[in-house]
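Take a look at the structure below.
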Amino acid sequence: MNDKITNWTRSDDAMVETALRRGATRRELLHMMLAGGVAMSASGFVLGRAGRALAATPVAGGALKAAGWSSSTADTLDPAKASLSTDYVRCCSFYNRLTFLDKSGTPQMELAEAIESKDAKTWTVKLKKGVTFHDGKPLTAEDVVFSLKRHLDPSVGSKVAKIAAQMTGFKAIDKQTVEITLADPNADLPTILSMHHFMIVADGTTDFTKANGTGAFVREVFEPGVRSVGIKNKNYWKSGPNVDSFEYFAISDDNARVNALLSGDIHLAASINPRSMRLVEAQGDGFTLSKTTSGNYTNLNMRLDMDPGNKRDFIEGMKYLVNREQIVKSALRGLGEIGNDQPVSPVNYYRNADLKPRAFDPDKAKFHFDKAGVLGQSIPVIASEAANSSIDMAMIIQASGAEIGLKLDVQRVPSDGYWDNYWLKAPIHFGNINPRPTPDILFSLLYSSQAPWNESQYKSEKFDKMLIEARGSLDQEKRKAIYDEMQAMIANEAGTIIPAYLSNVDATTAKLKGLEPNPLGGQMGYAFAEYVWLEA
């Protein structure tokens, strides 16, 4: 039967295996294979092969322990309020979404059986049957309506309220069918619903400390800023998870996080610093490194409404002062790709490849700093281990500034409380942005005039109008042209500098298996706990 498979690859096999792990129905799998060039008569062979591959690898049992790099007393199990990677990991273990992104960045179904629309404005969502919450309640359309509508309630404080605002109508057609109406057409809706914030919770939920979701783990312990423990959901609607329990906490210090891995205290150390890679590699076969390059980046933010960012020449000078090549080589130890000061990653279809990064030019930088009148002044720059590699980046920029008479006072602050006390608030500070699947989401979260995470307080009516226009266009070429111009506007007008896209490196014990890359970021797009297993 192999000769009837025309365009099938090993990557396609892996896609089917991933779909099986996520509980895909046979109809979904057959549709996937037909689209990939598999004849109906050969589909059984492919399914059998995928099934055997799955059966041969996962091992049941074990207590999985992993450490992220950032947490605080503001940690939450409310998906709508999640803002840190630590929140995302926990939400992925306790809840499910309507859709998820596979390794290629293509939206696949999770709690949804199908999501369809004829005009990209009115969408019909069919739910999978047989799904229950941890408390035994069956999943219904009312749960989906409640979960999505609460993002529109200002009292909830949803981190994606601006994105959710485009959803203007919700209707439970029957127990298994939801109709979502958008203010304007948006072909990205299935992708948007894969965001971590759009996890589905039970209708009427007010106490999120219980994490009553439909996910692979049932919450046993949750101590904000300390740790969480989930135990295997024995009534899970999918076949997983493989492990019996999952404990997650943060170790902000990179060396301590790696040492915890090497000593056997944890199975995964998330997002390790490039400087720690050699230490892990020197241990031999007992440990592995999982590298993912997606849209994650650490950026330097200068608020345009505060001194000195309110001086246009200061912003221009800083963009010429940043030596992007040196940052990738030294601060990131080669684990990154040079950025061009806008957030759409090199792997995204809508990336503006013609937008070149600013060249390192100290003379031009000095010219602009002189015009801004900042030479000789001491200018605070806030950096922290909480924003990956920001301290190393700050030191490189500081050294370049010193050579032309610019005094940058790099203030290293603790990770604990950084996101609450400094990010979005300090005149000049670093951020760290996790990958997002579409330009519309990135621009809505970070650069529109009403963006909740508008790091430099960039405001442009033209940009806002273009955002709406691109969102509603079903013409991909037109949409690409609009997004190209918007990326150029960000690079040239906003007060954010994105010197590089980071290659995320998660270090694991060799006993941890099943970890795969994902366009939403490291730790398998933060959903690893459900899919990995521990070898005995």
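Since we're looking at a predicted model, the values are computed, not measured.
A distance of 8.0 Å separates CG in D440 from CE in M486, rounded to the nearest 0.5 Å. The distance from atom CD1 of I192 to atom NE2 of H197, rounded to the nearest 0.5 Å, is 13.0 Å. Here F360 contributes atom CZ and E325 contributes atom CD; the two are 9.5 Å apart, rounded to the nearest 0.5 Å. Rounding to the nearest 0.5 Å gives a distance of 10.5 Å between CG of N340 and CD1 of I338. Separating the CG atom in L445 from the CD1 atom in I433 is a distance of 8.5 Å, to the nearest 0.5 Å. Residue L355 holds its CG atom at 6.0 Å from CD of Q342, rounded to the nearest 0.5 Å.
Between the side chain of Q176 and the main chain of T140, no donor-acceptor pair closer than 3.5 Å is present. Remark: side-chain polar atoms of R303 are not paired, donor with acceptor, to backbone N or O of N310 under 3.5 angstrom. For the pair N454 (side chain) and Y458 (backbone), a donor-acceptor distance under 3.5 Å is present. Although no hydrogens or angles enter the test, the distance criterion places no donor-acceptor pair under 3.5 Å between the side chain of S389 and the main chain of D392. With hydrogens and angles disregarded, a donor-acceptor distance shorter than 3.5 Å links the side chain of W123 to the backbone of A120. Counting only distance, with no hydrogens or angles, the side chain of T181 and the backbone of T168 share no donor-acceptor pair below 3.5 Å. A donor-acceptor contact shorter than 3.5 Å is absent between the side chain of D203 and the backbone of F146. With Q166 contributing its side chain and L182 its backbone, the two residues share no donor-acceptor pair below 3.5 Å. Using a distance-only test at 3.5 Å, with no hydrogens or angles considered, no donor-acceptor pair links the side chain of D188 to the main chain of T191. Not a single donor-acceptor pair under 3.5 Å links the side chain of K311 to the backbone N or O of K371.
The minimum heavy-atom distance between P437 and S194, with the atom names listed, is CG-OG, 4.5 Å. Nearest heavy atom pair, residue G495 against residue S456, reads N-OG, 3.1 Å. In plain terms, the two heavy atoms of A470 and R479 that are nearest each other are O-NE, 2.9 Å. Residues G339 and P357 share a closest heavy-atom pair of O-CB, 3.3 Å. Residues L77 and F208 share a closest heavy-atom pair of CB-O, 3.2 Å. Across all their heavy atoms, L424 and H429 have their closest contact at N-NE2, 3.0 Å.
Contact annotation: the side chain of Y447 never approaches that of L442 to less than 4.5 Å [non-hydrogen atoms, C-beta and beyond]. For the pair K128/L111, no side-chain contact is recorded, criterion being any heavy-atom separation below 4.5 Å from C-beta on. Put simply, the side chain of V125 reaches to within 4.5 Å of the side chain of I180, judged on heavy atoms. L406 is listed as a side-chain neighbour of M318, based on a closest heavy-atom distance under 4.5 Å. R436 is not listed as a side-chain neighbour of L446, based on a closest heavy-atom distance of 4.5 Å or more. Side-chain contact between W69 and S85 is present, with at least one heavy-atom pair separated by less than 4.5 Å. Within the 4.5 Å cutoff, the side chain of Q476 has heavy atoms near those of the Y350 side chain. Side-chain atoms of L193 and M167, non-hydrogen and from C-beta on, do get closer than 4.5 Å to each other.
A side-chain donor from one of Q108 and D102 sits under 3.5 Å from a side-chain acceptor of the other. Looking only at atom types and distance, the side chain of S271 has a donor-acceptor partner in the side chain of N504 under 3.5 Å away. Side-chain atoms of N348 and S345 include no donor-acceptor pair closer than 3.5 Å. Judged purely by distance below 3.5 Å, without hydrogens or angles, the side chains of N301 and T496 never pair a donor atom with an acceptor atom. Side-chain contact check for T205 and N212: no donor-acceptor pair (N or O, by modelled atom type) lies under 3.5 Å.
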- Task: Please report the C-alpha distance between D153 and S155 in whole Å, then the side-chain angles of each, then the deciding distance to 0.1 Å, and finally whether the side chain to side chain donor-acceptor pair (under 3.5 Å) criterion is met.
- Result: CA-CA 5 Å; D153 182 352; S155 67; 2.8 Å; yes
- Task: Take I428 and M302 through the test side chain to side chain contact (heavy atoms under 4.5 Å, CB included) and record every step on the way to the result.
- Result: CA-CA 5 Å; I428 304 176; M302 298 161 285; 4.1 Å; yes
- Message: Working note: C92 + H196, criterion side chain to side chain contact (heavy atoms under 4.5 Å, CB included); need CA distance, chi angles, decisive distance, verdict.
- Response: CA-CA 7 Å; C92 284; H196 302 99; 3.4 Å; yes
- Derivation of the side chain to side chain contact (heavy atoms under 4.5 Å, CB included) call for R471 and S444: CA-CA 11 Å; R471 181 183 300 150; S444 298; 3.2 Å; yes
- Could you walk me through whether N352 and V344 pass side chain to side chain contact (heavy atoms under 4.5 Å, CB included), step by step? CA-CA 8 Å; N352 184 349; V344 181; over 6 Å; no
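Between R358 and E316, at least one side-chain nitrogen of the basic residue sits less than 4.0 Å from a carboxylate oxygen of the acidic one, meeting the salt-bridge criterion. Taking a cutoff of 4.0 Å between a charged side-chain nitrogen and a carboxylate oxygen, D87 and K159 do not qualify as a salt bridge. Under a 4.0 Å N-O distance rule, the pair E116/K126 does not qualify as a salt bridge. Electrostatic pairing of D484 and K480 counts as a salt bridge here, judged by a charged N lying under 4.0 Å from a carboxylate O.
Under the 30°/60° scheme for interplanar angles, the aromatic rings of Y320 and H368 are found to lie parallel. Between Y418 and Y422, the ring-plane angle classifies as parallel under the 30° and 60° cut-offs.
Centroid-to-centroid, the aromatic rings of H151 and F198 come within less than 6.0 Å.
Just one residue in the list S384, S70, S83, S71 forms a side-chain hydrogen bond (donor to acceptor under 3.5 Å, both in side chains) with W419, and that residue is S70. Under the side-chain contact (heavy atoms from CB on, under 4.5 Å) test applied with F369, the options I379, V374, D313 reduce to a single match, V374.
With a 6.0 Å radius and a threshold of 12 heavy atoms from other residues, nucleotides or ligands, K459 has its NZ atom above the threshold. Atom NZ of K162 is surrounded by 12 or fewer heavy atoms from other residues, nucleotides or ligands within 6.0 Å.
Residue pairs meeting the salt bridge (charged side-chain N to carboxylate O under 4.0 Å, His left out) criterion with at least one member in residues 328-347, sequence neighbours excluded: R324-D341.
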Report all side-chain donor-acceptor pairs from residues 461-468 shorter than 3.5 Å, counting only partners two or more places apart or in another chain.
| residue | atom | partner | partner atom | Å |
| --- | --- | --- | --- | --- |
| K462 | NZ | E485 | OE2 | 3.0 |
| D464 | OD1 | S449 | N | 3.1 |
| D464 | OD2 | S449 | OG | 2.6 |

